[in-house]
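What you see is a predicted model; the values in this text were computed from it and never measured.
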Amino acid sequence: VAKPSEMTSVTAWMMCKLLDEAGVPPGVVNIVFGTGPRAGAALVSHPEVPLISFTGSTATAQRITEGSAPYCKKLSFELGGKNPAIIFQDANLQECIPNTVRSS
């Protein structure tokens, strides 16, 4: 189950379409759309959700930690980063670096 940021919901919806076109059976990947305070909080506090992986702010991670604590859930956080990118060794740096900087 994945709950994308409400700021990137179209990207997640497009990924769903690609998974369907690739033949991934229904139910293998489930996407929950909504805001963090509503949909995210429901996942965090649900007793049958065993782990949470979150990328975002430290403040939100603290709320997730507090909300999941009664269930002793496994947590994985990537905090404070912005627009990570992998630049391969064979990349054209003259094109790659300006585009990467501009995309942030």
Side-chain angles (χ1 to χ4, degrees):
V1 176
K3 196 228 73 70
S5 165
E6 53 270 24
M7 305 302 284
T8 62
S9 58
V10 173
T11 302
W13 176 77
M14 291 171 66
M15 184 185 74
C16 290
K17 288 182 65 170
L18 291 172
L19 291 169
D20 185 51
E21 290 174 17
V24 175
V28 171
V29 177
N30 296 288
I31 307 292
V32 175
F33 294 99
T35 64
R38 187 163 181 164
L43 290 168
V44 165
S45 64
H46 196 285
E48 293 186 33
V49 175
L51 67 91
I52 299 164
S53 177
F54 170 75
T55 300
S57 73
T58 303
T60 300
Q62 185 170 359
R63 287 193 296 276
I64 291 170
T65 301
E66 292 166 355
S68 65
Y71 307 101
C72 296
K73 297 178 185 227
K74 294 180 182 178
L75 302 175
S76 174
F77 295 136
E78 170 65 37
L79 305 176
K82 185 173 186 272
N83 301 332
I86 297 173
I87 299 175
F88 291 97
Q89 187 174 10
D90 63 345
N92 179 333
L93 297 181
Q94 297 301 320
E95 292 179 18
C96 185
I97 291 175
N99 287 335
T100 302
V101 170
R102 188 173 36 256
S103 71
S104 68

Side chains of [X] and [Y]: closer than 4.5 Å at any heavy-atom pair?
X   : Y   : value
Y71 : V44 : no
I31 : P4  : yes
V1  : V49 : no

Those residues that, when tested against [X], pass side chain to side chain contact (heavy atoms under 4.5 Å, CB included) (two or more places apart):
X   : answer
M14 : V10
V28 : V24, P25
I87 : A91, L93, C96, T100

Practice prompt. Mind jotting down which residue pairs meet the side-chain hydrogen bond (donor to acceptor under 3.5 Å, both in side chains) criterion with at least one end in residues 32-54? Sequence neighbours excluded, please.
Written response: none

Discussion item. Quick test of your reading: applying salt bridge (Lys or Arg N to Asp or Glu O under 4.0 Å), list the pairs with at least one residue in residues 4-20, sequence neighbours left out, ordered by first then second residue.
Written reply: K3-E6

Worksheet item: Taking everything shown except E66 itself, do over 12 heavy atoms lie less than 6.0 Å from its CD?
Response: yes

Worksheet item: Would you say L43 and V29 are hydrophobically clustered, going by side-chain heavy atoms of ILVMFWY under 4.5 Å?
Response: no

Worksheet item: Among the clusters formed by ILVMFWY side chains lying less than 4.5 Å apart, do L79 and L75 turn up in the same one?
Response: yes

Practice prompt. Kindly write out the residues that satisfy side chain to side chain donor-acceptor pair (under 3.5 Å) with T60, not counting sequence neighbours, or none if the list is empty.
Written response: S57, R63

Fill in: Considering all heavy atoms, the nearest G67-P70 contact
O-CD, 3.6 Å

Worksheet item: Minimum heavy-atom separation for F33 to A12, with atom names?
Response: CE2-CB, 3.9 Å

Practice prompt. Given side chain to side chain contact (heavy atoms under 4.5 Å, CB included), test F77 with I64 step by step and report yes or no.
Written response: CA-CA 10 Å; F77 295 136; I64 291 170; 3.9 Å; yes

Discussion item. Nearest 0.5 angstrom please: L18 CG to M15 CE, how far?
Written reply: 9.0 Å

